[in-house]
Every structure is written in structure tokens, then in C-alpha cells.
Novice: 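Questions regarding the structure given below will be posed in turn.
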Amino acid sequence: MKAFALVDGNSFYCSCERVFDPKLATRPVIVLSNNDGCAVARTSEAKALGIGMGDPYFKIRELCDQNRVAVFSSNYSLYGDMSARLNAIYRQWAPEVEIYSIDESFLDLSLIPERDRQTYGRDLRATVHQWTGIPTCVGIGPTKTLAKLANRVAKKNEELGGVCDLTDPAERDKWLPRIDVGDVWGVGPASERKLFELGIETAADLRDMPTRLARQRMTVVGERTVLELRGIACMALEELPPQRKGCAVTRSFGKPVSTLDEMLEAVSAHALRAAEKLRRHKLETSHLTVFMHTSPFNRRDPAHGGSKTVHLPEASADTFELIEAARCGAQAIFREGYRYAKAGVIMDDLIPAGSGIRPLFPARDRDKSERLMTALDAVNAVFGRGTMVPAGVGINKREWQTKFDRRSPRYTTRLDELPHAMAT
DNA sequence: TCTGGGGTCCTAGGACCC
DNA sequence: TCTGGGGTCCTAGGACCC
């Protein structure tokens with residue numbers, strides 16, 4: 001019989017910040033999205049103050065000041081590294097691990113006897129906490145959807161000690177009626193509304209609805225959720241991430257951009273990052289879409305936005321070619337007299353590097369390009385991102401750059417930002 | 001004044017073909 | 001007045017996830 005565990009870090013980004021500053025242990029902590037825009041992680045103390053997921057920071061700033069909330073910009077270097085440490089532990093504990101997101105992993109628990117699963121969960125939590133300082137919760141079930149649900153139960157019911165096992169149908173009968181249908185994995189706001197109209201309000205109601213009706217109203221995705229809630233596994237553990245299909249680099253500006261020069265600098269910087277990402281995944285693209293738009297929240301200034309797809313002569317991951325394409329697209333969209341709030345580059349239909357069709361009369365020297373990109377990546381890997389960039393790319397100290405005014409040190413990935421310890 | 005970024009999957013409907 | 005049938009492919013948009 002298959003069994004899954006879903007392990008996730010509690011208020012993960014906040015917990016990462018707490019690991020390196022013990023003074024935060026009892027204070028409310030929040031972490032903001034890019035550009036210091038919205039609250040995307042909150043500790044229980046912060047939630048208790050009424051800070052919601054996605055609340056814009058400018059609306060809660062006062063509340064935060066009054067309550068000594070510790071506020072951080074996102075520090076992805078730190079969170080990514082802590083995430084890798086958690087997964088290294090999971091791999092010692094399970095034969096197969098699927099990394100589902102930066103703070104959630106599914107573990108294959110099929111070989112753990114049912115009676116030992118509670119203990120297993122408790123021991124895993126304790127180990128992770130001891131080795132990394134990160135608090136976690138463990139949800140266990142015969143399907144991924146039930147493991148997710150169990151994890152939620154463990155989170156919301158402190159008396160369970162951070163572990164919940166829904167392998168036993170009797171346990172499911174106990175908990176599923178207490179869970180709102182909108183809290184089931186895969187049920188978003190649109191489906192929740194439809195289900196409410198049918199009188200389906202809890203996870204138990206959803207489990208018991210006819211599969212045909214589920215399919216009719218919520219496509220095959222909804223039908224699968226119903227089956228999974230009944231304990232019929234429709235989703236397997238995906239150990240190897242499937243090849244990615246698209247790749248995007250998009251950013252809000254720290255200050256609105258109104259000049260073409262600045263816009264070209266910005267999209268060049270985004271294209272540069274996009275090309276690096278492609279090469280890291282050994283992929284290429286044959287076309288690139290640029291977009292820009294003014295703020296959707298600002299009703300006073302005139303609004304403008306648009307996107308433009310630029311085709312390359314042949315598939316490529318060459319920084320210079322992608323920058324050229326991005327600048328070309330941006331010039332076609334940009335108009336004077338607007339305050340642009342965001343721009344980005346998007347690439348889809350990615351193909352493995354070198355697998356594309358070659359033109360009969362190539363416009364460029366592929367080998368030369370590849371050698372140059374290898375050298376570029378090597379320099380930047382040793383001396384840090386942005387050490388060597390093509391001229392005309394805005395990479396350092398520009399007004400429009402995304403804000404990270406409250407970022408903590410990158411304790412675990414930068415030698416010059418190591419935490420300091422003092423003994424007296 | 002200040003509101004994130006990056007993905008996946010599914011379906012409907014249009015274009016096109018014979 | 002009556003005006004075929006059945007495919008495939010592509011894209012846009014919706015829905016969902018963290």
C-alpha cells in the first residue's frame with residue numbers, strides 16, 4: 001500500500017530568518033515579496049496581529065511599527081540554501097523524495113509500517129529541527145492530496161505535535177468534515193464557489209460527491225481530487241523534475257521608468273538573467289516575448305502596456321542575442337509619456353541545447369558563441385553574479401531596480417556575510 | 001508615494017485540411 | 001426551403017499552485 005508524507009517548513013522564510021537571529025524567536029516576523037511589495041510569509045505572532053497573506057506592505061507598515069514586527073525583504077539565496085539542507089535530510093529518511101516547492105517535499109513512506117508512521121514523523125521533525133533550526137509539520141496519507149490535508153491538520157491543531165496521519169479511514173472521517181472545501185489542494189476560489197452552489201462545503205462533502213459531477217464541473221482535475229480524497233492514488237511521486245517548458249524573468253521597478261534608455265537597460269538586464277537560466281538548464285529558445293506595463297493600481301496616471309514576440313534566426317541561449325531581441329521588442333512597445341511599473345521577458349517552447357534546426361547559411365558562429373558564454377558563466381560563477389556583463393546592461397545601482405531594502409545577510413552562501421559570534 | 005514572481009495543466013474555439 | 005462530416009493543430013484564457 002502506497003503512503004506519502006508531506007513535510008513543510010512552518011512560515012518557512014520567517015523561520016530561516018529566525019535561525020540566524022535568536023532575538024527574533026518571540027517577536028512577530030514577516031518577509032516581503034520582491035520590491036518589498038507584499039507580506040508573503042508570516043509567523044503565527046504576525047498572523048495573530050491580523051497581517052494577511054499578500055497584504056501590501058504600505059498598508060500594514062504602521063501596524064508593524066506599533067507591534068515591533070521584524071520585517072525582512074526576501075533573501076532567496078538564504079532560503080534556497082536552507083531548503084537544500086532540509087532535502088538532504090529527507091533523502092536520508094526516504095528512498096524517494098519529490099521537491100514540490102522551496103519549502104515542501106513529498107516523501108515515499110510506503111515501506112514504513114502503518115503503526116510506526118507517527119513515530120517516524122515525530123523523529124523526522126526533531127532531526128530537522130536539531131540539524132537546521134527549522135520547525136516543520138508532517139502530514140501522512142495514502143495519497144498526495146490526503147498527505148497535504150494531513151499536513152494542514154497538523155499545522156492547525158497544535159495538540160498533535162506537528163504530525164498527522166490520515167492513513168486510517170476512521171481518522172479521515174474524524175477530520176475531513178472539519179476542513180473547508182476551499183482548503184483542499186486543487187480547489188481554488190472559482191471551484192469553491194461552484195461547489196458551494198452544490199451544497200458542498202467540507203472536504204468530506206467533496207470526497208462523497210459523484211465523480212461524474214466533479215468531472216462535469218471541475219474537469220478531470222476535480223475528478224482526480226475526489227478520488228484522491230477517497231484514498232485512491234492518482235498522482236505518483238515525481239522524483240525527477242520534468243523538463244521545464246517555459247522560463248521568465250519579470251520584475252517590478254523600484255521607481256517607475258519613463259525613458260527609453262532606462263527601459264532598454266532594464267529589459268537587457270532581464271534578458272541577461274534569462275539567458276543565464278537557459279544555460280544553467282541546458283536549454284535554448286527560438287523566440288522571446290518582451291512585455292511592459294504601467295501600474296494596474298494607479299488610476300490617475302495614463303495606462304499603457306503591451307507585449308511583443310521577437311523570433312531569433314535559430315534557437316539560442318546566447319546573452320548577446322537575447323539582449324538584442326529584448327531591446328528590439330522593447331523599442332516596439334515603449335511609448336513616451338508613461339510611467340512603467342514592470343517589465344519582463346518570457347520564453348516558452350524551450351528545447352534542449354543543440355537540438356534545434358540549424359539554418360543552411362548560419363548568421364553566427366555557434367562554437368564561438370558557446371565558448372564565450374562558457375567563459376562568461378565561469379567568471380561570474382567565481383567572482384559573483386554581474387561581475388562581467390555586456391555593455392549597456394543596467395545591473396548595478398540603478399534607480400529602477402527592484403527594492404530589497406530590508407534584506408538580511410546571505411549567511412550561508414557569501415563568505416563576506418557570515419554571521420558573527422562573540423564570546424565574553 | 002508605496003500592491004511579487006514564476007510556474008503547470010486543461011479546455012474551448014478558431015483555422016485549416018480533406 | 002434545403003446547404004457535410006470529421007479530423008488536427010494552435011492559441012488564448014482560465015484555474016490552480018507556492
Novice: Over how many whole Å does the gap from A:E238 atom CD to B:dT8 atom P extend?
Specialist: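 Going from CD in A:E238 over to P in B:dT8 covers 13 Å.
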Novice: Using atom C1' in both nucleotides, what's the gap between C:dC17 and B:dG4 to the nearest angstrom?
Specialist: 15 Å
Novice: Could you tell me how far apart A:E98 (CD) and B:dT8 (P) are, to the nearest whole angstrom?
Specialist: 14 Å
Novice: Using only side-chain N and O atoms of A:K342, determine if any of them is under 4.0 Å from OP1 or OP2 of B:dG5.
Specialist: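 Checking B:dG5 against A:K342, a side-chain N or O does come within under 4.0 Å of OP1 or OP2.
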Novice: Output yes when A:E104 and A:K155 qualify as a salt bridge under the 4.0 Å nitrogen-oxygen rule, no when they do not.
Specialist: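 A:K155 and A:E104: not salt-bridged.
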Novice: Salt bridge check, A:D36 against A:R407: does any charged N sit closer than 4.0 Å to a carboxylate O?
Specialist: no
Novice: Looking at every heavy atom in both A:V138 and A:G121, which two are closest together, and how far apart are they?
Specialist: CG2-O, 3.9 Å
Novice: Mind checking if A:K148 touches a base, just sugar-phosphate, or nothing, with heavy atoms under 4.0 Å?
Specialist: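 Here A:K148 touches the backbone only, sparing every base.
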Novice: Need to verify one output field. Residue with the more 5' nearest nucleotide on DNA chain B, A:R215 or A:R61?
Specialist: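 Its nearest nucleotide being more 5', the pick is A:R61.
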Novice: Taking the side chain of A:K277 as its heavy atoms from C-beta onward, which of C:dA15, B:dT3, B:dG7 lies nearest to it?
Specialist: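 The answer is B:dG7, which lies nearest to the side chain.
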Novice: B:dT3 C1' sits how many Å from A:N34 CG, rounded?
Specialist: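 Those two atoms, CG and C1', are 13 Å apart.
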Novice: Side-chain N or O of A:K59 versus OP1/OP2 of B:dT1: is the shortest distance under 4.0 Å?
Specialist: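 No, because none of the side-chain N or O atoms of A:K59 sits under 4.0 Å from OP1 or OP2 of B:dT1.
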Novice: Under 4.0 Å, counting only non-hydrogen atoms across every strand here, what does A:Y100 touch: a base, just sugar-phosphate, or nothing?
Specialist: sugar-phosphate
Novice: Mind checking if A:D103 touches a base, just sugar-phosphate, or nothing, with heavy atoms under 4.0 Å?
Specialist: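 Sugar-phosphate contact only.
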Novice: When you measure from the side chain of A:V221, which nucleotide among C:dA15, B:dC10, B:dC2 comes out closest?
Specialist: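 The listed nucleotide nearest to A:V221's side chain is B:dC10.
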Novice: Check whether any side-chain nitrogen or oxygen of A:R251 sits under 4.0 Å from OP1 or OP2 of B:dG6, and answer yes or no.
Specialist: yes
Novice: Stem list for DNA chain C, please, built from Watson-Crick and G-U wobble pairs under 3.5 Å and keeping only runs of at least 3.
Specialist: B:5-18 with C:5-18
Novice: Hey, does the side chain of A:T250 come within less than 4.0 Å of B:dG4's phosphate (OP1/OP2), counting only N and O?
Specialist: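 Looking at the OP1 and OP2 atoms of B:dG4, neither is under 4.0 Å from any side-chain N or O of A:T250.
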Novice: In this structure, how many angstroms lie between the C1' atom of B:dG5 and the CZ atom of A:F253, rounded?
Specialist: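 After rounding, the reported distance stands at 14 Å.
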Novice: What's A:K255 touching, base or sugar-phosphate or nothing? Going by heavy atoms closer than 4.0 Å.
Specialist: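 Nothing, no heavy atom under 4.0 Å.
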Novice: Whole angstroms only, please: what is the CG-P distance between A:L32 and B:dG4?
Specialist: 11 Å
Novice: Is the distance from OP1 or OP2 of C:dA15 to the nearest side-chain N or O of A:T219 less than 4.0 Å?
Specialist: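 Looking at the OP1 and OP2 atoms of C:dA15, neither is under 4.0 Å from any side-chain N or O of A:T219.
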Novice: Would you say the side-chain atoms of A:N35 pair up with the backbone N or O of A:K403, donor to acceptor, closer than 3.5 Å?
Specialist: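 Confirmed, A:N35 side chain pairs with A:K403 backbone.
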Novice: Would you please classify the geometry between the A:Y79 ring and the A:Y76 ring as parallel, tilted or perpendicular, with 30° and 60° separating the classes?
Specialist: perpendicular
Novice: With a 4.0 Å cut-off, would you call A:D165 and A:R117 a salt bridge?
Specialist: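 No, this pair does not count.
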Novice: How is A:V184 classified with respect to the nucleic acid when contacts are heavy atoms under 4.0 Å: base, sugar-phosphate, or nothing?
Specialist: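 The residue A:V184 makes sugar-phosphate contact but no base contact.
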Novice: Scan A:P189 against the nucleic acid and name what it touches under 4.0 Å (heavy atoms): base, sugar-phosphate only, or nothing.
Specialist: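 The answer is sugar-phosphate, as A:P189 gets under 4.0 Å only of primed atoms, P, OP1 or OP2.
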Novice: Would you classify A:T402 as touching base, sugar-phosphate or nothing, given that sugar-phosphate means primed atoms plus P, OP1 and OP2, and contacts are heavy atoms under 4.0 Å?
Specialist: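 Answer is nothing: A:T402 stays at 4.0 Å or more from every strand.
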Novice: Distance check needed: B:dC2 C1' versus A:D405 CG, whole Å only.
Specialist: 11 Å
Novice: For the side chain of A:V220, counting heavy atoms from C-beta on, which of B:dT3, B:dG4, B:dT11 is nearest?
Specialist: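 Of the candidates, B:dT11 comes closest.
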Novice: For C:dC17, does either OP1 or OP2 sit under 4.0 Å from a side-chain N or O belonging to A:S101?
Specialist: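 Checking C:dC17 against A:S101, no side-chain N or O comes under 4.0 Å of OP1 or OP2.
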Novice: B:dG6 P sits how many Å from A:R280 CZ, rounded?
Specialist: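 The answer, rounded to whole Å, is 12 Å.
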Novice: Measure from the side chain of A:V249, starting at C-beta and using heavy atoms only, and say which of B:dG6, B:dG7, C:dC16 lies closest.
Specialist: B:dG6
Novice: Nearest to the side chain of A:A248 - B:dG7, B:dG4, C:dC18?
Specialist: B:dG7
Novice: Is the distance from the ring center of A:W185 to that of A:F4 below 6.0 Å?
Specialist: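 No, the ring of A:W185 stays outside the 6.0 Å limit from the ring of A:F4, centre to centre.
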Novice: Could you go through A:S77 and A:R414, starting from their C-alpha distance and side-chain angles, then the distance that decides it, and tell me whether this counts as side-chain hydrogen bond (donor to acceptor under 3.5 Å, both in side chains)?
Specialist: CA-CA 9 Å; A:S77 314; A:R414 293 280 185 126; over 6 Å; no
Novice: Starting at CG of A:D183 and ending at P of C:dC16, how long is that distance when rounded to a whole Å?
Specialist: 13 Å
Novice: By nearest atom, which of the nucleotides B:dG4, B:dT3, C:dC18 is closest to the A:W185 side chain?
Specialist: C:dC18
Novice: I'd like to know if the side chain of A:D81 pairs up with that of A:T412 as donor and acceptor (distance under 3.5 Å, no hydrogens or angles considered).
Specialist: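 Result is yes, a qualifying pair exists.
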Novice: Quick check on DNA chain B: between A:K245 and A:R339, whose nearest nucleotide comes earlier from the 5' end?
Specialist: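 Closer to the 5' end of DNA chain B: A:R339.
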